[in-house]
Amino acid sequence: MKTSKEMNNLQIAELLRSVAAAYELKDADRNKFRIIAYQRAADAIEHASSELKDLWDDAKLDEVPGIGKSIAEHLDELFRTGKSKHFEAVMKGLPPAMFEFMELPGVGAKTGFRLAKELGIKSLADLEKAAKSGKIAKLEGFGEESQSKILTALEESKGKTRRMLLPYAKATAEGVIEWMKQNKSVMEINTLGSLRREAATVGDIDIAVATKKPEEVLGHFTKYPKLTRIIEKGDRTASIIVPSDIQVDLMVQSPEAYGALLQHFTGSKHHNIALREYALKKGLSLSEYGIREARNSKHEIRKFNDEESFYKFLGMEWIPPELREDSGEIESALSQKLPVLVELADIKADLQIHSSFDIETSHDIGASTMEEVIERADSLNYEYIAFTEHNPSKSRHNEKQIIDLLMRKREAVDKLNYSFVKSHCKSVQKVFNSLEIDILPEGGLPVPDEGMDTLDFALVSIHSSFDLPREKMTSRVLKALEHPKVRVFAHPTARKLNEREGVEVDWPKIFDFCLKNDKWLEINADPIRLDLPDTLVKEAVKEGIMLSMGTDAHHKNGLDNMQYGITVARRGWATKDDIVNTRSLKEFEKMIS
DNA sequence: GCCGTTTTCGGCCCGACTGTTTTCAGTCG
């Protein structure tokens with residue numbers, strides 16, 4: 001077992017899932033709900049917005065929903081000593097390889113155990129050998145089919161596809177939807193799952209169809225020209241693999257019951273579980289078919305053709321898919337107090353853009369001229385924008401040179417405001433002169449005060465030393481935010497999806513500072529960043545901190561990415577009022593003065 | 001093992017699909 005210092009949330013979640021699997025083997029019936037409890041705790045930890053170790057440091061483990069007295073005690077021991085006697089006892093005697101095997105789709109606790117035990121093997125490589133030599137098919141309860149499924153799963157796990165970024169998932173789904181619409185029996189079609197909830201990354205693509213001819217629709221689906229393989233095809237659902245090993249699932253339902261299907265497969269799983277638990281208390285049982293009385297299986301199912309009527313029947317407002325994460329939306333919907341979420345049309349400005357104006361920056365320079373960017377912003381009906389090139393590099397310039405470069409940019413922006421903006425734009429009225437400044441490892445800024453004076457306002461962000469300890473990182477950021485010209489903490493976690501975890505800082509401390517000093521947190525709309533992440537946006541919004549939306553565009557086309565920033569804002573419960581660049585130019589000017 | 005808008009005790013979401021079986025277990029979402 002790894003020591004506590006090495007264990008991040010994902011690893012702890014995996015450990016708890018292994019404990020759940022161990023209970024499943026030992027006595028699944030007696031431990032039925034204990035297993036669920038461990039799995040729920042694992043889910044909660046995986047989705048937590050702060051590192052469990054940090055929560056433990058602050059004695060806040062029990063604030064994580066799903067972690068109660070018992071699991072908290074075991075985790076405490078884990079963090080203190082590097083291991084948990086209880087976890088080890090539960091997993092004692094089980095072959096470690098089984099947990100590795102369980103990562104293959106189709107292999108759960110029991111299958112994993114039997115493969116490891118009965119074949120006497122210790123690795124995925126051994127498993128592959130066993131499958132290829134036909135040993136698996138000979139085991140009782142297994143056969144040729146299960147053996148070749150395991151082989152396929154092994155093959156696919158090698159090129160393990162990472163979760164897709166949202167724009168890629170949208171484009172892939174659009175291709176399938178276009179194909180499906182060619183079939184006359186498709187009456188309605190929607191995306192489902194994390195794609196419909198607009199999550200930052202998407203695993204599988206799920207699609208719903210309303211139809212009176214399920215067989216025909218599923219048949220059409222499994223003839224999708226681009227598919228590489230069909231996984232399964234039943235009466236109501238089918239799954240295929242399309243290029244890049246992306247799984248696409250299709251669910252069909254009659255139009256009268258389409259609302260329940262949409263609701264069910266939009267998820268999230270946790271939202272649905274919470275919703276069904278609530279319904280059960282009112283004596284109702286929910287499913288993808290509709291709603292019926294819980295303790296009367298003969299009771300006719302009430303059908304819903306849309307989601308609005310489904311939620312209304314439960315006494316709730318319709319809940320926007322972005323909020324369906326079981327993080328308070330059910331309670332809010334019951335008291336008709338869901339927030340009016342911000343929309344793309346509310347946005348009046350883009351507050352992070354890099355042009356090709358060369359101030360000999362420390363990082364990459366934009367590809368489009370300031371004029372090209374302004375024209376694009378004008379076509380998006382923005383009232384104002386901010387040019388936020390990176391600061392001139394510190395290593396290649398002395399202070400005087402940095403100031404000169406910034407003066408040049410100031411003059412260029414002033415000139416644009418006097419002439420180009422007035423003569424060319426129908427909606428853009430002003431261009432702000434800003435800068436995205438590196439936060440140096442000690443918290444200093446690589447721009448002298450005389451340079452700062454040329455700016456209307458500044459962004460600061462982390463581009464180096466990503467792995468400082470939490471306390472050092474926190475004071476580093478706070479020091480940078482102190483400068484009066486600095487208004488925005490840009491891409492605050494500095495995460496890159498599928499590439500780099502975010503930095504560790506004391507968020508409550510940062511939030512508190514921002515609130516007291518009127519500093520804003522950016523929602524960076526670049527699909528690879530989407531930073532602040534939605535869960536932290538939700539916490540910031542709750543605290544009343546203002547958010548600043550920017551695309552971080554390095555090309556005029558990049559301005560179109562604002563839609564992805566909006567998905568994050570909405571998933572974080574943000575309303576128009578929480579976002580600075582929904583303000584008119586006049587209001588915004590007041591805010592930065 | 002967790003949790004509280006019927007509960008600090010007694011509940012805990014619901015159904016589809018597959019493979020290997022002759023009625024079901026395992027897995028998944």
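Residue numbers start from 1 in every chain, and the chains themselves are labelled A, B, ... in the order their sequence lines are given, proteins ahead of strands.
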Exercise. With Y289(A), which of K303(A), R302(A), R236(A), H264(A) fulfils side chain to side chain donor-acceptor pair (under 3.5 Å)?
Worked result: R236(A)
For this session: Answer with base, sugar-phosphate or nothing: what part of the nucleic acid does I36(A) contact at a heavy-atom distance below 4.0 Å?
Result: nothing
Problem set entry | Mutual orientation of the aromatic rings belonging to H220(A) and W179(A) [parallel < 30°, tilted 30-60°, perpendicular > 60°] | parallel
Exercise. NZ of K269(A) versus C1' of dT27(B): gap in Å, rounded?
Worked result: 12 Å
Problem set entry | Watson-Crick/G-U partner (both atom distances under 3.5 Å) of dT8(B) | none
Exercise. Rounded to the Å, how far apart are L75(A) CG and dG1(B) P?
Worked result: 12 Å
For this session: In whole angstrom, give the distance that lies between atom CG of L25(A) and atom P of dA25(B).
Result: 16 Å
Exercise. Parallel, tilted or perpendicular: which fits the ring planes of F87(A) and Y38(A), with parallel below 30° and perpendicular above 60°?
Worked result: perpendicular
For this session: Starting from C1' on dG29(B), measure out to CG on D206(A) and report it in whole angstrom.
Result: 8 Å
Exercise. Would you say a side-chain N or O of H271(A) is under 4.0 Å from OP1 or OP2 of dG29(B)?
Worked result: no
Problem set entry | C1' spacing across the pair dC9(B) / dG15(B), given as an integer number of angstrom | 29 Å
Anything under 3.5 Å between a protein N or O and an N or O of nucleotides 3-5 of chain B, put it in a table, one pair a line.
residue, atom, partner, partner atom, Å
dC3(B), OP1, G66(A), N, 2.6

Exercise. Quantified in whole Å, what is the P atom distance between nucleotide dT5(B) and nucleotide dG1(B)?
Worked result: 24 Å
For this session: Could you please spell out the steps behind the salt bridge (charged side-chain N to carboxylate O under 4.0 Å, His left out) verdict for K69(A) and E73(A)?
Result: CA-CA 6 Å; K69(A) 191 161 174 282; E73(A) 272 174 22; 3.7 Å; yes
Exercise. Just how far is it from atom CD of E198(A) to atom CG of L530(A), taken to the nearest 0.5 Å?
Worked result: 10.5 Å
Exercise. To the nearest angstrom, how far is E24(A) atom CD from dA25(B) atom C1'?
Worked result: 11 Å
Problem set entry | Nearest-0.5 Å distance that lies between atom CG in L115(A) and atom CG in L139(A) | 7.0 Å
Problem set entry | Inter-residue atom distance I45(A).CD1 - I67(A).CD1, 0.5 Å rounding | 4.0 Å
For this session: Would you kindly give the CG-to-P distance between L61(A) and dG1(B), to the nearest whole Å?
Result: 16 Å
Problem set entry | Interatomic distance, S287(A) atom OG to L261(A) atom CG [nearest 0.5 angstrom] | 10.0 Å
Problem set entry | C1' atoms of dT23(B) and dC17(B), separation to the nearest Å | 16 Å
Exercise. Could you state the CE-C1' distance from M102(A) to dC28(B), rounded to the nearest angstrom?
Worked result: 12 Å
For this session: Rounded to whole angstrom, note down the C1' distance from dC12(B) over to dT6(B).
Result: 16 Å
Problem set entry | Distance between C1' atoms of dG10(B) and dA16(B) (Å, rounded) | 30 Å
Problem set entry | Least distance between heavy atoms, R324(A) atom then R197(A) atom | O-CD, 3.7 Å
For this session: Rounded off to whole Å, could you give me the CG-to-P distance for the D326(A) and dC2(B) pair?
Result: 17 Å
Sub-3.5 Å pairs of nitrogen or oxygen atoms, protein against nucleotides 14-20 of chain B:
residue, atom, partner, partner atom, Å
dC14(B), OP1, S285(A), OG, 2.9
dA16(B), OP1, Y289(A), OH, 2.3
dC17(B), OP1, D235(A), N, 3.2
dC17(B), OP1, R236(A), N, 3.0
dC17(B), OP1, T237(A), N, 3.1
dC17(B), OP1, T237(A), OG1, 3.3
dT18(B), OP1, K233(A), N, 3.0
dG19(B), OP1, E145(A), OE1, 3.1
dG19(B), O3', S146(A), OG, 3.3
dT20(B), OP1, G143(A), N, 2.5
dT20(B), OP1, G143(A), O, 3.3
dT20(B), OP1, S146(A), N, 3.4
dT20(B), OP1, S146(A), OG, 2.6

Exercise. What pairs of residues pass the salt bridge (Lys or Arg N to Asp or Glu O under 4.0 Å) test when at least one of them lies in residues 129-152 of chain A, not counting sequence neighbours?
Worked result: E128(A)-K132(A)
For this session: Considering only atom P, compute the distance from dT20(B) to dG26(B) and round it to an integer number of Å.
Result: 14 Å
For this session: Name the closest nucleotide to the D204(A) side chain, picking from dC2(B), dT27(B), dG29(B).
Result: dG29(B)
For this session: Would you indicate what A274(A) reaches in the nucleic acid, counting non-hydrogen atoms under 4.0 angstrom: base, sugar-phosphate, or nothing?
Result: nothing
